[in-house]
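First up is the structure itself, then whatever we jot down about it.
Remember, predicted model here, so these are calculated numbers, not experimental data. Values reported hereafter were calculated over all heavy atoms of this structure, with side chains retained and with hydrogens, waters and symmetry mates removed. In what follows, every chain begins at residue 1, and chains take the letters A, B, ... in the order their sequences are listed.
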Amino acid sequence: MTFSKKLLIWYKKYGRKNLPWQLNRNAYTVWVSEIMLQQTQVKTVIPYYEKFMQSFADVNALANAHEDDVLHHWSGLGYYARARNLHKAAQQVRDEHCGLFPLNFDDVLALPGVGRSTAGAVLAQAEGQRHAILDGNVKRVLSRFHAVHGWTGQKKIQDQLWLFAEMHTPEKQLADYTQAIMDLGATLCRRSRPDCESCPLSDDCAALATQQVALLPTPKPKKTLPVKTVRMLLLRNDKKQILLEKRPPTGIWGGLWSLPEMPVIESVKDWCNTHYQFDINASDELPVVRHTFSHFHLDITPCVVEVNNPDQSVMEAERRVWYKACKNDRGSKAESQSLGLAAPVSSLLNRLNEE
DNA sequence: AAGTCGGGGAC
DNA sequence: GTCCCAGACTT
């Protein structure tokens, strides 16, 4: 059985058929509901839709209203450009289509605030015209059904999903099919805890077959993290011990032991002299190590420094310790169980120890 | 391709 | 707190 046929059978039993905009359905009511439902959940929209329709019963009433009045009805819904566009579009219908909501795809698409998916949804639901839709629900259903990996905002992925959407769109029962695929996405093929047991498409779902339902759709990539840089000093005494410092209790690596840090821009020799009263001859930079936190990258420039007069540093004894990195029984991992080390510090000490 | 608009729900 | 939601528009 085809995708659409299974979906339509399921819809007949379990689909939503009494939403406010499904009663007395016409292009205007469907259009208003579709705009309100952009990036907004059904439950939130319902009271707004009912009040809006009471005040603006048809497209001409909306066109002739004051923008402030339209915006007042939108207050609290968010994305207020939707309301301004809705009002402008109603005037466009009044002025360019003789007050009759257009039933031609390109004309609907030309209305401000109406994109490809919304235009398709309006004409499919109100007029039974054959158009595919691709909203958040459909993207989720199709990316799982076809195991499409990649963020759905990417053009390549979006094009692929539109092809699948077109492919599955039936020739008849467009209103029901359009509602059905959205209902499936909203009620069973949810973002979290999808109910695959109850899904009419589970037999052919590629994501389910390969245990990838939870991985799809691929989440939006996180925005580029800011990069901070720091130099970490591997201060080494004549016993080949490294100076560690205890971090403050709050903040990054709170309470853990770490290496002394200093700005990359400043002189190592001056810094050691000023902050530690250490006399050093030379220092040796190691390759930069990137450590990533949830909110930034930390590029660490490790710098090995041989200290000539380590005895000078007896200040703040509780916060500083000369530490001898050694290998434990398991091999390469440093013996650090007794001392809480920040992860990249542990890694650096290992590297130094292996040389 | 990335940024913007937004209040609210799920977790 | 984060992520996302029946997207479209601008830069």
Side-chain angles (χ1 to χ4, degrees), chain A residues 7 11 15-17 19-22 25 27 29-49 52 71-89 92 105-106 108-126 131-144 150-159 161-162 165 169 174-195 214-225 293-296:
Chain A
L7 210 42
Y11 178 75
R16 297 180 287 192
K17 303 173 196 74
L19 294 168
W21 43 90
Q22 292 177 307
R25 196 156 52 177
T29 61
V30 174
W31 170 55
V32 171
S33 72
E34 286 298 327
I35 300 300
M36 285 189 170
L37 286 161
Q38 288 171 2
Q39 299 294 291
T40 311
Q41 299 190 343
V42 170
K43 189 176 156 191
T44 305
V45 164
I46 289 175
Y48 282 90
Y49 175 84
F52 195 93
L71 283 169
H72 176 71
H73 282 73
W74 214 269
S75 178
L77 254 192
Y79 282 122
Y80 299 96
R82 292 185 296 175
R84 291 191 294 273
N85 283 333
L86 198 68
H87 187 223
K88 268 187 261 172
Q92 188 169 317
F105 185 85
D106 290 332
V108 177
L109 188 62
L111 299 173
V114 176
R116 180 176 173 186
S117 186
T118 299
V122 169
L123 293 178
Q125 301 212 55
H131 300 290
I133 63 162
L134 190 65
D135 65 0
N137 288 312
V138 180
K139 284 177 184 171
R140 190 165 53 253
V141 170
L142 294 180
S143 66
R144 283 174 175 163
W151 178 47
T152 56
Q154 213 171 346
K155 177 163 169 44
K156 180 178 153 193
I157 303 300
Q158 198 151 177
D159 290 348
L161 292 175
W162 269 114
T169 302
L174 267 298
D176 284 350
Y177 173 79
T178 301
Q179 189 62 44
I181 193 164
M182 288 193 288
D183 280 0
L184 188 82
T187 64
L188 295 185
C189 199
R190 301 177 293 250
R191 179 161 66 92
S192 57
R193 295 182 301 101
D195 187 1
L215 295 179
L216 295 170
T218 304
K220 177 180 179 175
K222 307 195 195 267
K223 72 173 178 184
T224 311
L225 300 176
F293 296 95
S294 59
H295 47 310
F296 65 91

Within less than 4.0 Å of OP1 or OP2 of B:dC11, is there a side-chain N or O belonging to A:R193?
yes
With side chains defined as the heavy atoms from C-beta onward, is the minimum distance between A:T44 and A:L77 less than 4.5 Å?
yes
Whole angstrom value for the distance that separates P of C:dC5 from NZ of A:K139
9 Å
What nucleotide among B:dG6, C:dA6, B:dG8 has an atom nearest to a side-chain atom of A:T44?
B:dG8
Looking at every strand, decide which applies to A:Q125 at a 4.0 Å heavy-atom threshold: base, sugar-phosphate, or nothing.
nothing
When the P atoms of B:dG6 and C:dT11 are compared, how many Å lie between them, rounded to an integer?
15 Å
Where each residue is assigned the nucleotide of DNA chain B containing its nearest heavy atom, which of A:W151 and A:G76 is assigned the position nearer the 5′ end?
A:W151
If each of A:D135 and A:G113 is mapped to the nucleotide of DNA chain C with the nearest heavy atom, which maps nearer the 5' terminus, i.e. the 5' end?
A:D135
Closest heavy-atom pair and its distance - A:L216, A:R144:
O-NE, 2.9 Å
For the side chain of A:K155, counting heavy atoms from C-beta on, which of B:dA1, C:dC4, C:dA6 is nearest?
B:dA1
Give one of base, sugar-phosphate or nothing for A:L77, where a contact means two heavy atoms less than 4.0 Å apart.
base
In whole Å, what is the span from the CH2 atom of A:W74 to the P atom of B:dG7?
14 Å
C:dA8 phosphate, OP1 or OP2: any side-chain N/O from A:T118 under 4.0 angstrom?
yes
Base, sugar-phosphate, or nothing for A:L19, non-hydrogen atoms under 4.0 angstrom?
base
Distance between P atoms of B:dT4 and C:dA6 (Å, rounded):
23 Å
Grab the OH-P distance between A:Y49 and C:dA6 for me, whole Å please.
18 Å
In terms of side-chain heavy atoms of A:M182, which of B:dG9, C:dG7, C:dA6 is nearest?
C:dA6
What nucleotide, of C:dA8, C:dC4, B:dG6, holds the atom closest to the side chain of A:R191?
C:dC4
Rounded to the Å, how far apart are A:I46 CD1 and B:dG9 P?
13 Å
On a plain distance test, is the side chain of A:R16 in donor-acceptor contact with the base of C:dA6 below 3.5 Å?
yes
Under 4.0 angstrom between A:Q39 side-chain N/O and C:dG7 OP1 or OP2
yes
Carboxylate-amine/guanidinium contact A:K139 A:D135, below 4.0 Å
no
Would you mind reading off the distance between A:Q38 atom CD and B:dT4 atom C1', rounded to a whole angstrom?
14 Å
Measure from CD on A:Q154 to C1' on B:dA2 and round the result to the nearest Å.
12 Å
OP1 or OP2 of B:dC11 less than 4.0 angstrom from a side-chain nitrogen or oxygen of A:S192, does that happen here?
yes
Rounding to a whole Å, what distance do you find between A:K220:NZ and B:dA1:P?
14 Å
Nearest heavy-atom pair of A:W151 and A:P219: which atoms, and what distance?
CD1-C, 4.0 Å
Is there a donor-acceptor pair under 3.5 Å between the side chain of A:R25 and the backbone N or O of A:A126?
no
Reckon A:R140 has a side-chain N or O less than 4.0 Å from the OP1 or OP2 of C:dC5?
yes
Tell me which of A:W21 and A:N85 sits closer to the 5' end of DNA chain C, going by the nucleotide each one is nearest to.
A:W21
Ring of A:W162, cation from A:R116 - is the NZ or CZ under 6.0 Å from the centre and inside 45° of the axis?
yes
Work out how far the P atom of C:dC9 is from that of B:dG8, and round it to whole angstrom.
24 Å
Could you give the CG-to-C1' distance, from A:L134 to C:dA6, as a whole number of Å?
11 Å
With A:T152, which of A:L161, A:T218, A:L134, A:V138 fulfils side-chain contact (heavy atoms from CB on, under 4.5 Å)?
A:L161
Considering every strand and a 4.0 Å limit on heavy-atom distances, what is the contact class for A:V114: base, sugar-phosphate, or nothing?
sugar-phosphate
